[in-house]
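Whatever order the structure lists ligands and atoms in, that order sets their numbers, starting from 1.
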Amino acid sequence: MRHTITQRWRWLASSLLWGVAAAGAPQAFAFSEPGSGNGLAQPTTEVLLVIDGAIQHNNAPGEARLDLNIIRSLPAHSLHTTTAVTDGVRRFDGILVRDLLQLVGAQGTLIEARALNNYNVDIPVADFNDYDVLLATHMDGERLLPSGKGPFWIVYPRDDWRQLQDIRYDYRWVWQLHRITVK
Ligand SMILES: Nc1nc2c(c(=O)[nH]1)N[C@H]1C(S)=C(S)[C@@H](COP(=O)(O)O)O[C@H]1N2
Ligand SMILES: [Mo]
C-alpha cells in the first residue's frame, strides 16, 4: 500500500509523540497499567473478533481486540469437510482455535462463542485440543462475510471423525462469530 507524504508525516509525528509520552511518563502511560495491554499487538485494521474473560494477554482493558492482521499472524490451517448447512465437501481456511486461545493465554475450560445474530453456545476447550477445529476465514477460497457465515465460522473436521458427526457438535459450528468469552 502506498502512503501520501502527509500520511507518512502524520505517522512519524504520532510515533514520536507516543515515544516521548512513553519515555517521559512511564508510570502514567496507559500501556503500562496492569490489564490494559500485555504482550498482544494492537489492531491496525477493523476489529472483527473480541476475546474476553479468563485471558492472560490483552491489548485493551480486560479484552483482546483482534483484526485480520493479528489473526493471520497465526499459522494458516485448512481442512476439507461436509457441513450441516451446505452441499458437498467444502474447503475451509483459517487458523486453529487452540492457537487463538494460546495467543490470548486462555485459562478456562469453556468458551462462550457469540454470533452477530445473537446465537451463543458454550464449547468445551477440550474440543480444540482433541481436534483441529478451525476459526475459518474462507470457504472454497472465498472470504466469509458477515452477510453470510462470516466474519468467522467455527469449523470442525467433521468428516475425519465419526464422533463429530453428531448434533452435539453441530450446534458448536458457530457462524458469524464475533465474540468469545473464556470461562
Ligand atoms: N450464528 C449462528 N450459528 C449457528 C446457529 C445459529 O443460529 N446462528 N445454529 C447452530 C445450530 S443449532 C446448528 S445445529 C448448526 C447447524 O445449523 P442448522 O440449524 O442451520 O443446520 O449451526 C449452529 N451455528
Ligand atoms: Mo441445531
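Figure legend: Arg158 and Tyr156 shown without cation-pi pairing, the cationic atom not lying both under 6.0 angstrom from the six-membered ring centre and within 45 degrees of its axis. Within the cation-pi definition used here (under 6.0 Å to the ring centroid, within 45° of the axis), Arg143 does not qualify as a partner of Phe92.
Looking at Val85 against ligand 1, only its side chain comes within 4.0 Å, counting heavy atoms. Proximity of Tyr171 to ligand 1, defined as any heavy-atom pair under 4.0 Å, is shared by backbone and side chain alike.
Here the shortest heavy-atom distance to atom 5 (C) of ligand 1, taken over Trp173, Trp153, Tyr169, Trp175, belongs to Trp175. Evaluated by nearest non-hydrogen atom to atom 13 (C) of ligand 1, the leading choice among Ile167, Asp170, Ile154, Leu116 is Asp170.
The distance criterion of under 3.5 Å between nitrogen or oxygen atoms is met by Asn117 with respect to ligand 1.
Within the listing of ligand 1, atoms 1 (N) sit less than 4.0 angstrom from a heavy atom of Ala115.
Relative orientation of the Tyr119 and Trp175 rings is parallel, given thresholds of 30° and 60° on the angle between their planes.
Residues Asp122 and Glu112 meet the side-chain proximity criterion, which asks for heavy atoms closer than 4.5 Å.
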Practice item. For Tyr131 and Asp160, run side chain to side chain donor-acceptor pair (under 3.5 Å): C-alpha distance rounded to whole Å, both residues' side-chain angles, the deciding distance at 0.1 Å, then the answer. Key: CA-CA 10 Å; Tyr131 306 102; Asp160 295 341; over 6 Å; no

Review point. Run the salt bridge (charged side-chain N to carboxylate O under 4.0 Å, His left out) check on Glu63 and Arg179 step by step: do they pass?
Key: CA-CA 10 Å; Glu63 61 186 33; Arg179 184 178 278 270; 3.7 Å; yes

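Nearest protein heavy-atom contact of atom 7 (O) of ligand 1 is Tyr119 CD1, 3.5 Å.
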